[in-house]
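To start, the structure itself, in structure tokens.
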Amino acid sequence: MTRHALVALIISALVVAAPLAQKNAPAKPGGNAKLDALKQEAVADVESRTQFAQQMVDQIFSYGELGFQEFETNRYLIDILKKNGFAVQEGIADIPTAFMATWGSGKPVIALGSDIDCIPQASQKPAVAWHEPMIEGAPGHGEGHNSGQAVNITAALAVKKIMEREKLPGTIRIWTGTAEELVGTKAYFVRAGFFKDVDIALFTHVGENLDVSWGERAGNGLVSVQYSFVGETAHAAANPWRGRSALDAVELMDIGWNFRREHLRLSQRSHNVITDGGDQPNVVPRTASVWYYFRETDYPHIKELWETGDTMAKAAAMMAGVDLLPTKVLGSAWPQHFNKVVAETTWANIQKVGLPQWSDEDQQLAKALQKELKNPRAEGLRTKLSDGLQGPVRENTGGGSDDIGDISWNVPTVTLRYPSNIPGLPGHNWANAISMATPIAHKGVIAGAKVQAMTLLDLVSRPELVEQAWKYFKDVQTKETKYEALIRPQDTPAIWLNKATMDKYRPEMKKYYYDPSRFKNYLEQLNIKYPTVRTTAP
Ligand SMILES: [Zn+2]
């Protein structure tokens, strides 16, 4: 090696080492000690808001509103935020049940989001370890979306108090993952520019452990498309040859799709429901509609799947001799990719907070439900954090979706998972609602809020973190992949969805809304013993 090369090597080593040293060293003398003290204070403050968080979790559980119909939930959250000094923009992006709340000023702008909608047919008495609907057929929080806003708002209020006193610059935004079960809104928030000035998005979602990850997440993105056909009615017995059945087109499209399914990639998921199958058998169906979710692991493959669906629909219309109307996109989601720097920051806080102390009653409920569902092992609730911070998925074999993916490709984002649910459940099911208005959910939310508060303090006190997060976003995540919305210019939010279902069930559900002025918690109001488990085998 020449002397010249040696000098160059030393210089490059120094250049590489410098940012690392900077990252580990306190920002200024005593800086980290002060930050640690503020974090401790925030954790204690969150703890003191236990009842506030519990009421929020129970209240939203009792509303049980489906996507795009979260009117009670929305009103309730907006009132809380306004009362606590947030300015609230209501009905954002032409979605009546969405809002963006803001407090503070200047940089960084940190946006805290979580979903609020529930699941069809998931009505369930909380704390009862078998299927027992509150109202037969009604929707319910069988995904646990009643708990995430409590995580964010509790954390935000604790941090806001500290920021005010310490005169820390920064803006806290709180927003709703409206109609997440329809992946119906986040792409529209992006299109309307609501994340343009956001520095970091901290999302949170219920889980069975306290967890965060970075890089590509296991699962799919998707596009949700409605195909509607129009034919002609006729007497189905007297003159069937005069009619053209739109339902025939729906059925032919589904048959075509199911044959093609054999030749699709292993990572795809696709499923449909027939939302209009005609009126009555003696009238040839003039109209019929089928609603598809096309899921794949990346944007080009989602588009390809969608094109195949369009071809099937056109061909089916030709076979049935009916017309295919212009298709409607009802929702979309990009695959999720989370930020490494923000995940590392969050993970450090997770390790400090740790899992909640579960009581014997909590574990009894969890084990009884796992047994009820015939899980191979009834392990109860998690008592150990995962071994380390989870990185990118190794082999993505596909799975669920969340339109937080769209945000994650526009702003450095992570999803914090907090342990408010019981492990080993089917998902989108009554079983997933059982813990969601019990001490399990309440404790999980407080653990999540502590982490969220600490991470917020990290981000407002250490500007270098925001800078490094954007460096990862620009140089690694979006180096080759650029965001292109799946929604088309002509698409608008599908805000009519679920209206009929909520109109049907809401009057009965209203009788069970939680009244915190009379009852300490929702279980007390419902007069349910905690836990209610079988004493004999089912
Ligand atoms: Zn969800």
Side-chain angles (χ1 to χ4, degrees), residues 56-57 60-61 63-70 73-74 77 95 97-98 111-124 139-152 174-189 201-213 217-222 224 269 271 293 295 330-338 398-408 413-437 440-441 444-445 448 452 494 497-498:
M56 222 182 302
V57 169
I60 299 175
F61 182 91
Y63 290 149
E65 294 177 299
L66 291 167
F68 287 119
Q69 305 303 323
E70 309 97 329
T73 306
N74 218 50
L77 291 171
I95 299 155
T97 54
L112 304 175
S114 197
D115 305 322
I116 55 172
D117 58 327
C118 79
I119 298 282
Q121 309 259 353
S123 175
Q124 169 69 30
H141 272 289
E143 164 83 6
H145 286 178
N146 60 306
S147 54
Q149 290 290 337
V151 171
N152 286 341
I174 292 182
W175 58 282
T176 52
T178 304
E180 190 280 328
E181 295 303 340
L182 303 163
V183 287
T185 57
K186 295 184 189 101
Y188 290 105
F189 296 159
L202 297 179
F203 199 67
T204 189
H205 194 283
V206 63
E208 42 186 68
N209 208 332
L210 198 53
D211 229 334
V212 71
S213 67
R217 194 179 147 77
N220 286 331
L222 75 80
S224 151
R269 301 280 192 286
H271 16 255
Y293 274 20
R295 307 194 200 229
L330 303 184
S332 69
W334 260 62
Q336 302 161 67
H337 187 116
F338 295 130
S401 318
D402 188 323
D403 51 357
I404 190 59
D406 286 71
I407 312 289
S408 78
T413 301
V414 299
T415 292
L416 165 70
R417 303 216 161 225
Y418 53 92
S420 284
N421 220 328
I422 296 166
L425 309 186
H428 292 181
N429 182 267
W430 52 267
N432 294 64
I434 288 172
S435 75
M436 292 314 304
I440 297 173
V445 160
Q452 205 74 316
L497 289 175
N498 291 324

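Numbering of ligands and ligand atoms starts at 1, following listing order. As the structure is a computational prediction, the values presented were derived from the model and not from experiment.
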Nearest-0.5 Å distance that lies between atom NE2 in His145 and atom CD in Glu181
4.5 Å
Which residues pass the ring pair (Phe, Tyr, Trp, His ring centres under 6.0 Å) test with Phe203, not counting sequence neighbours?
Trp175
Against Thr204, only a single residue in Val212, Val151, Ile404 fulfils side-chain contact (heavy atoms from CB on, under 4.5 Å); can you say which?
Val151
For Tyr293 and Ser401, does a side-chain donor sit closer than 3.5 Å to a side-chain acceptor?
no
Once salt bridge (charged side-chain N to carboxylate O under 4.0 Å, His left out) is applied, what residue pairs with a partner in residues 112-124 remain, sequence neighbours excluded?
Asp115-Lys186
Can you count the protein N/O/S atoms lying under 2.8 Å from the Zn ion (ligand 1), leaving waters out?
3
Name all residues meeting the salt bridge (charged side-chain N to carboxylate O under 4.0 Å, His left out) criterion together with Glu143; count only those two or more places apart in sequence or in a different chain, and write none if there are none.
none
